[in-house]
Amino acid sequence: MEVKQLVCGVVLAALMVTGGDAQLDVCGVAPLNTRIVGGVDAPAGSWPWQASLHRSGSHFCGGSLINKQWVLSAAHCFPSTSTFKLIVYLGRDTQQLSNPNEVSRTVSRVINHPDYNRITFNNDMSLLQLSSPVEFTDFIKPVCLAAEGSVFEAGTTCWVTGWGDIRTDVSLPLPQRLQEVSVPIVSNSQCNDAYGTITDNMVCAGLDEGGRDSCQGDSGGPLVSKNDTKWVQGGVVSSGRGCAQANFPGIYARVSVYQSWITGHIPTDTPGFIFFRGSAPGNTHLFSLSLPLLLSVFRVLFSLFALS
């Protein structure tokens, strides 16, 4: 099983927000966003929470900014939690050309989830504390996080972003510019039919026919979905078989499961958590019908109460 990375953007219904009031004012906003394997160049600033992690001068994993001083990534990126020669780049567009909007920080702490399993990739979550806070700009902003109990239904549209390999079967240089691609959520039961090791701590995304996916070098990056105004991270790029293979979707650590663990390590200026339920595009009408139906029920109940 090879390791990978994903980001996703989706249409879903926000039901409530919880925790991190300060971050909720700013998280998940991408002013320059008008909307990997099988992907295309992402316009500069489209994904302002995207982080590029470097060790000894080379990109090796992705991550996402969740407040001014913390980045969320994957535990498998850090077999050692040493911070030696570890640098995080934010606001980056290309890996070799000039990046006028980027900043860099060293890392003071790497915290892997204590129950991370290196064989099954269960609990593949890591937190990185930056050496000093960053200032938010149009090119550098935190992403909102999916709150406990959030739901990603099969078919929900997602976006993947990263600088990882663009082919799984040949040796090619990493892409210069940040790549983006959309993929749908795959149910855990279908995903488990392929892998046999899927847990409730994971979420899967990909096409049955393959062709679009994250790949090596994308690990630790965010799987993001969008409500009316904000982008919400539902997963962390974790693992999968190869890249973009038919019937083998990408596997992500399910962010909503780790709300307590994340806030336990970040008790102040906590990340913004949003509770949401994503659905396949063809099922969105269910949400639009629910409110009128509820109003009708309330009117009937009120009439009965008045008559009694």
Side-chain angles (χ1 to χ4, degrees), residues 1-13 36-39 62 74-77 113 115-125 146 148-162 164-169 179-225 232-258 276-284 286:
M1 185 177 291
E2 302 179 56
V3 295
K4 320 159 74 160
Q5 168 199 355
L6 278 174
V7 176
C8 77
V10 63
V11 179
L12 39 77
I36 314 245
V37 174
H76 78 257
C77 291
H113 194 280
D115 297 324
Y116 167 60
N117 187 309
R118 290 178 293 177
I119 297 175
T120 65
F121 291 92
N122 198 26
N123 301 303
D124 193 8
M125 301 286 285
E148 183 177 355
S150 294
V151 177
F152 285 86
E153 293 188 1
T156 298
T157 305
C158 298
W159 285 89
V160 183
T161 56
D165 291 342
I166 58 174
R167 290 282 298 276
T168 186
D169 54 348
Q179 299 290 292
E180 63 178 23
V181 68
S182 64
V183 288
I185 292 292
V186 174
S187 71
N188 273 29
S189 59
Q190 179 181 340
C191 195
N192 195 58
D193 287 343
Y195 292 104
T197 56
I198 303 304
T199 73
D200 290 340
N201 301 328
M202 302 171 182
V203 61
C204 301
L207 299 172
D208 290 344
E209 65 272 24
R212 284 189 262 163
D213 199 359
S214 59
C215 205
Q216 284 67 40
D218 291 325
S219 292
L223 170 86
V224 299
S225 302
V232 182
Q233 181 174 354
V236 171
V237 180
S238 178
S239 62
R241 180 171 297 179
C243 304
Q245 291 189 20
N247 301 313
F248 285 98
I251 304 171
Y252 305 85
R254 189 181 292 267
V255 171
S256 59
V257 175
Y258 302 96
F276 65 88
R277 183 186 183 94
S279 68
N283 294 332
T284 55
L286 294 177

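Just so you know, these numbers come straight off a predicted model, no measurement behind them.
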Q: Provide the closest heavy-atom pair for Asn201 versus Val257 in the form atom of the first, atom of the second, distance.
A: OD1-CG1, 3.3 Å
Q: Kindly give the heavy-atom pair with the smallest separation between Ala146 and Val232, and that separation in Å.
A: N-CG1, 3.5 Å
Q: Of Leu223, Asn188, Val236, which meets side chain to side chain contact (heavy atoms under 4.5 Å, CB included) against Arg254?
A: Asn188
Q: Do you know which two heavy atoms are closest between Val186 and Pro249, and how far apart they sit?
A: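 Taking every non-hydrogen atom into account, CG2-CB, 4.0 Å.
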Q: What's the shortest heavy-atom distance between Gln233 and Gly221, and which atoms?
A: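 In this case the closest contact between Gln233 and Gly221 is NE2-O, 4.3 Å.
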Q: Identify, with sequence neighbours excluded, every residue that meets ring pair (Phe, Tyr, Trp, His ring centres under 6.0 Å) alongside Tyr258.
A: His113
Q: Could you give the distance from CZ (Arg277) to OG1 (Thr156), rounded to the nearest 0.5 Å?
A: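 These two atoms lie 9.0 Å from each other.
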Q: Do Ile198 and Ile251 have side-chain heavy atoms sitting under 4.5 Å apart?
A: yes
Q: Give, for atom OG1 of Thr197 and atom CG of Asn192, the distance between the pair rounded to the nearest 0.5 Å.
A: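 One gets 7.0 Å once the value is rounded to the nearest 0.5 Å.
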Q: Locate the shortest heavy-atom distance separating Phe121 from Ser238; write the atom from each residue and the value.
A: CB-OG, 3.8 Å
Q: Of Ser187, Pro184, Ser225, which meets side chain to side chain contact (heavy atoms under 4.5 Å, CB included) against Phe152?
A: Ser225
Q: Rounded to the nearest 0.5 Å, what's the gap from CG on Leu207 to CZ on Phe248? Could you check?
A: 15.0 Å
Q: Quick one about Ser239 and His76 (side-chain donor to acceptor, distance below 3.5 Å, no hydrogens or angles considered), yes or no?
A: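 Side-chain D/A pair, His76 to Ser239: absent.
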